[in-house]
Amino acid sequence: MTINPDLFFQADLRVGTILGAEFFAEARKPALKLRIDFGDELGVKHSSAQISQRYTVEELVGRQVIALTNIEPKRIAGFVSEVLCLGINDSEGAVILLQPERAVPNGHRVY
């Protein structure tokens, strides 16, 4: 399946910095609750991410990630996940987060 480039660019992919992370005990599958700063335009958003196989809470704080920011919010066990952090499955099926090669300002758009 192919898509029109205009359709692709409707996805608002932005860089943000994780400000806080905590284990999401109420989630059905192991997950973490993230607080991510996307800069002045978008502010701080929340995300539920199934990344606890490869990341600890401590190593996530301060890490930049790439997220889909114009996705419909989803309620998960009483928590509202506002953005979708992007990642790639490794050879064992665990999620490895996508991040910029170098630090960039929060909120910058990914093209």
Side-chain angles (χ1 to χ4, degrees):
M1 177 177 130
T2 60
I3 63 169
N4 178 307
D6 292 332
L7 181 60
F8 173 79
F9 288 114
Q10 288 178 24
D12 191 11
L13 302 174
R14 303 282 182 125
V15 175
T17 300
I18 298 174
L19 300 176
E22 62 183 87
F23 185 68
F24 192 176
E26 301 84 8
R28 283 183 286 181
K29 295 181 180 178
L32 298 172
K33 293 179 185 178
L34 306 177
R35 241 176 5 101
I36 307 168
D37 180 5
F38 289 99
D40 292 338
E41 185 180 344
L42 297 177
V44 175
K45 302 286 183 184
H46 297 92
S47 183
S48 171
Q50 294 175 1
I51 57 173
S52 59
Q53 285 181 282
R54 292 287 181 257
Y55 299 97
T56 65
V57 168
E58 296 78 21
E59 69 183 312
L60 286 170
V61 175
R63 178 183 297 263
Q64 286 197 305
V65 294
I66 297 171
L68 177 60
T69 60
N70 63 336
I71 192 168
E72 185 175 310
K74 183 175 183 178
R75 183 172 295 281
I76 304 166
F79 177 77
V80 177
S81 186
E82 303 170 291
V83 299
L84 176 66
C85 292
L86 302 182
I88 302 168
N89 287 340
D90 66 13
S91 61
E92 297 173 13
V95 176
I96 305 300
L97 291 169
L98 294 184
Q99 62 184 60
E101 176 187 357
R102 295 187 178 113
V104 296
N106 291 333
H108 272 210
R109 185 144 189 214
V110 177
Y111 295 99

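Keep in mind it's a predicted model, so treat the numbers as computed, not measured. Throughout, numbering of the chain's residues begins at 1 and tracks the sequence.
- Of all heavy-atom pairs spanning A94 and R54, the tightest one is CB-CG, 3.5 Å.
- Atoms CD1 and OG, from I76 and S81 in turn, are 4.5 Å apart once rounded to the nearest 0.5 Å.
- Note on F24: it does not cluster hydrophobically with V57, by side-chain heavy-atom contacts below 4.5 Å among ILVMFWY residues.
- In this structure, CD1 on I51 lies 9.5 Å from OG1 on T56, to the nearest 0.5 angstrom.
- Note that CD1 of I36 is 11.5 Å distant from CD1 of I66, once rounded to the nearest 0.5 Å.
- With a 6.0 Å cutoff to the six-membered ring centre and a 45° limit on the axis angle, K45 does not count as a cation-pi contact of F38.
- The number of heavy-atom neighbours closer than 6.0 Å to CG of N89, taken from other residues, nucleotides and ligands shown, is above 12.
- Hydrophobic clustering keeps F79 apart from L84 (ILVMFWY residues linked when any side-chain heavy atoms are closer than 4.5 Å, directly or through intermediates).
- Cluster annotation: L42 is connected to L34 through the hydrophobic network of ILVMFWY side chains, with a link wherever side-chain heavy atoms come within less than 4.5 Å.
- Each of E82, E41, R14, R109 was scored for a side-chain contact (heavy atoms from CB on, under 4.5 Å) with T69, with one residue passing: R14.
- Of all heavy-atom pairs between L60 and A21, the closest is CD1-CB, 4.2 Å.
- Between atom CD of residue Q99 and atom OG1 of residue T17 there is a gap of 10.5 Å, rounded to the nearest 0.5 Å.
- Going from atom OG of S47 over to atom NZ of K33 covers 12.0 Å, rounded to the nearest 0.5 Å.
- Counting heavy atoms from C-beta outward, V65 and L98 have side chains that stay 4.5 Å or more apart.
- Shown here for L97 and R63, the closest heavy-atom pair between the two residues is CD1-CD, 4.2 Å.
- Nearest approach of P100 to Q64, heavy atoms of both residues: CG-OE1, 3.7 Å.
- Note that NE2 of H46 is 9.0 Å distant from CG of L19, once rounded to the nearest 0.5 Å.
- Across V61 and G20, no two heavy atoms sit closer than the pair CG2-CA, 4.1 Å.
- No single ILVMFWY cluster, assembled from side-chain heavy atoms under 4.5 Å apart, contains both F9 and V83.
- Put simply, the residue from I96, I18, V95 that forms a side-chain contact (heavy atoms from CB on, under 4.5 Å) with Y55 is I96.
- One N or O on the side chain of N70 and one on the backbone of D12 form a donor-acceptor pair closer than 3.5 Å.
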